Amino acid sequence: AYPDAWRYACLAGRRACDKYANVDAAALFERALAAAKRLPELPAHATAEVWELLGDVRERSGVYDGAVAAYRAARRLVHDDPVHEAGLFLKEAWIPERTGRYSESIRWIRKGLNLLEGIPGPVAGRCRAQLASWFGMIRQAQGRAAEAITWCERAITEAVAADDPEAEAHACLTLDWAYVRLGQRDRAVYSARALEP
């Protein structure tokens, strides 16, 4: 009963995910994806969504190699949606960032930004803002404060235009960190803005 297995495993996996029962959620999403192999009529975006959710719960559980594999499987199914694919590149960039492999993170973020080149609209703008914000944060972690400032300013501009307060706040905090690192404490005035409702 593959349709029922797909439906109920997805439903239970989402419920487990909402309760941060990440190991249980991963097992349920894996069960759903096993059923999906027998359901060629499933839309690719539906299967991609479950692969992405599997990547998320694996990442939260510290199963980094498994998370990367899941994000890549999702990316293969959304190659016709550059905004979604760029968002998956960002998630994949988080994995090496966790372990200090910053150059690898930068490579994935650049791939995401390249995909969004010239794509208009607020959804693409939010994705660009998030990618730019993380680019700035990673550059700051590498000790490249001047470059971090450039990227954070770009992220703030994109975030304001696309109405993405989370990306804006992240960039503001990193911007202050960079100014403090450069000894320019008088210019580190963005943290309060990050806390605004």
Side-chain angles (χ1 to χ4, degrees), residues 13 17 20-23 25-27 29-30 33 47-117 119 123-156 158-159 162 164 166-182 194:
C17 189
Y20 298 97
N22 296 315
V23 174
F29 291 140
E30 288 164 1
L33 290 164
T47 310
E49 185 179 356
V50 176
W51 274 114
E52 184 174 358
L53 287 167
L54 177 59
D56 292 346
V57 295
R58 284 176 173 174
E59 188 270 335
R60 286 184 215 141
S61 301
V63 184
Y64 294 143
D65 288 345
V68 168
Y71 291 143
R72 289 180 181 173
R75 269 209 335 268
R76 285 192 290 273
L77 296 169
V78 298
H79 56 83
D80 59 341
D81 182 348
V83 176
H84 192 171
E85 190 175 359
L88 287 163
F89 273 125
L90 176 58
K91 288 187 174 187
E92 190 166 343
W94 293 341
I95 307 299
E97 185 273 333
R98 300 281 189 272
T99 55
R101 300 190 326 269
Y102 298 130
S103 296
E104 189 177 337
S105 291
I106 290 292
R107 187 166 62 250
W108 295 122
I109 292 173
R110 281 192 194 280
K111 285 178 182 278
L113 288 167
N114 289 339
L115 277 175
L116 297 174
E117 194 74 38
I119 297 178
V123 178
R126 283 191 288 276
C127 194
R128 260 193 301 273
Q130 292 162 15
L131 286 158
S133 174
W134 278 91
F135 201 117
M137 193 279 294
I138 292 168
R139 284 305 195 214
Q140 176 57 26
Q142 290 177 306
R144 298 166 70 167
E147 192 175 353
I149 288 168
T150 299
W151 279 97
C152 288
E153 288 172 344
R154 175 177 170 179
I156 290 167
E158 289 275 9
D164 186 342
E166 185 177 335
E168 182 183 357
H170 186 245
C172 285
L173 290 170
T174 303
L175 191 54
D176 275 5
W177 178 20
Y179 279 132
V180 169
R181 175 73 64 88
L182 290 173

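Everything quoted here is computed from the prediction, not taken from an experiment.
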About how many Å separate CD1 of Ile138 and CZ of Arg101, when rounded to the nearest 0.5 Å? 11.5 Å
Find the distance between CD (Glu104) and CD (Glu92) and round it off to the nearest 0.5 Å. 8.0 Å
Taking all heavy atoms of Ser133 and all of Ala171, pick out the closest pair and write down the distance. OG-N, 3.4 Å
Check the pair Val123 / Arg126 against side chain to side chain contact (heavy atoms under 4.5 Å, CB included), numbers first and verdict last. CA-CA 5 Å; Val123 178; Arg126 283 191 288 276; 3.5 Å; yes
Any Lys91 side-chain heavy atom under 4.5 Å of Trp108 side chain: no
Between CD on residue Gln140 and CG on residue Leu182, distance to nearest 0.5 Å: 7.5 Å
Indicate yes or no for a side-chain donor-acceptor contact from Arg58 to the backbone of Gly66 under 3.5 Å, with no hydrogens or angles considered. yes
Minimum heavy-atom distance between Ala145 and Arg181, given as atom pair plus value: CB-CG, 4.3 Å
If you draw the axis of the six-membered ring of Phe89, does the NZ or CZ of Arg75 fall within 45° of it and under 6.0 Å from the ring centre? yes
Residue pair Pro96 / Ser105: nearest heavy atoms and the distance that separates them: CG-OG, 3.4 Å
Any side-chain heavy-atom pair of Trp51 and Thr47 under 4.5 Å: yes
Between the CD atom in Glu158 and the CG atom in Asp164, the distance rounded to the nearest 0.5 Å is 10.5 Å
Student check: side-chain heavy atoms of Cys127 and His84 closer than 4.5 Å: no
How many angstroms lie between atom SG of Cys152 and atom CD of Glu147, to the nearest 0.5 angstrom? 10.5 Å
Between Val57 and Arg60, is there a side-chain heavy-atom distance shorter than 4.5 Å? yes
Charged N to carboxylate O under 4.0 angstrom, Arg98 versus Glu59? yes
Exercise: identify the closest heavy-atom pair between Glu52 and Tyr71: O-CE2, 3.6 Å
To check you understand the geometry: which heavy-atom pair defines the closest contact between Ile109 and Ala93, and what is its length? CG1-CB, 3.7 Å
If you compare all heavy atoms of Met137 against all heavy atoms of Thr174, which two are closest, and at what distance to 0.1 Å? CA-CG2, 3.5 Å
Look up atom CH2 in Trp151 and atom CG in Leu131, then write down how far apart they are to the nearest 0.5 Å. 9.0 Å
Is it the case that more than 12 heavy atoms not belonging to Asp80 sit under 6.0 Å from its CG atom? yes
